[in-house]
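Computed from a predicted structure; not experimentally measured. Just so it is clear, the values below take in all heavy atoms, side chains as well, and ignore hydrogens, waters and symmetry mates. Residue indices begin at 1 and follow the sequence shown. One-based numbering, in listed order, for ligands and for the atoms of each.
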Amino acid sequence: MEEKILRKLFLGFIQIHILHHAKEHPIFGAWMVEELREHGYNISSGTLYPILHNMESDGLLVKEEKNVEGKIRKYYTTTEKGNAVLDEARNKAYELFKEIKD
Ligand SMILES: [Zn+2]
């Protein structure tokens, strides 16, 4: 399938993935890139960072800057709205999974 079509489709999966982890603990870009890679998503930080920024603008994530060994690192955690969106997305994903798994 065409790369562009797949990328558009996976964008939603990636955002759900981000919400899932950012709810569990604060995440930062490089960690998330690695996590997604382990799940088979080959995404660069140049692609991921704008996604994180957009999700922050949409009020799904909140950013906190921490000084880690002299470097400022941006950590993201879900907001109430982000958690609500995650719940809704989880239900929808589960419903879809049941439908298409076979
Ligand atoms: Zn994961």
Candidate pair Val85 and Asp58, rule side-chain contact (heavy atoms from CB on, under 4.5 Å), full reasoning: CA-CA 11 Å; Val85 167; Asp58 288 342; over 6 Å; no

At less than 2.8 Å, would any N/O/S atom of His20, backbone or side chain, sit next to the Zn ion (ligand 1)? no

Between Tyr49 and Gly29 the two heavy atoms that sit nearest each other are CE2-CA, 3.3 Å

Report whether any nitrogen, oxygen or sulfur of Glu38 sits less than 2.8 Å from the Zn ion (ligand 1) (N, O or S, backbone or side chain). no

Kindly assign one of parallel, tilted or perpendicular to the pair His17 and His21, based on the angle between their ring planes and the thresholds 30° and 60°. parallel

If you round to 10 degrees, what value do you get for the angle at the Zn ion (ligand 1) between His39 atom NE2 and Glu35 atom OE2? 70°

Looking at Thr79 and Leu60, would you say the former's side chain and the latter's main chain have a donor-acceptor pair under 3.5 Å? yes

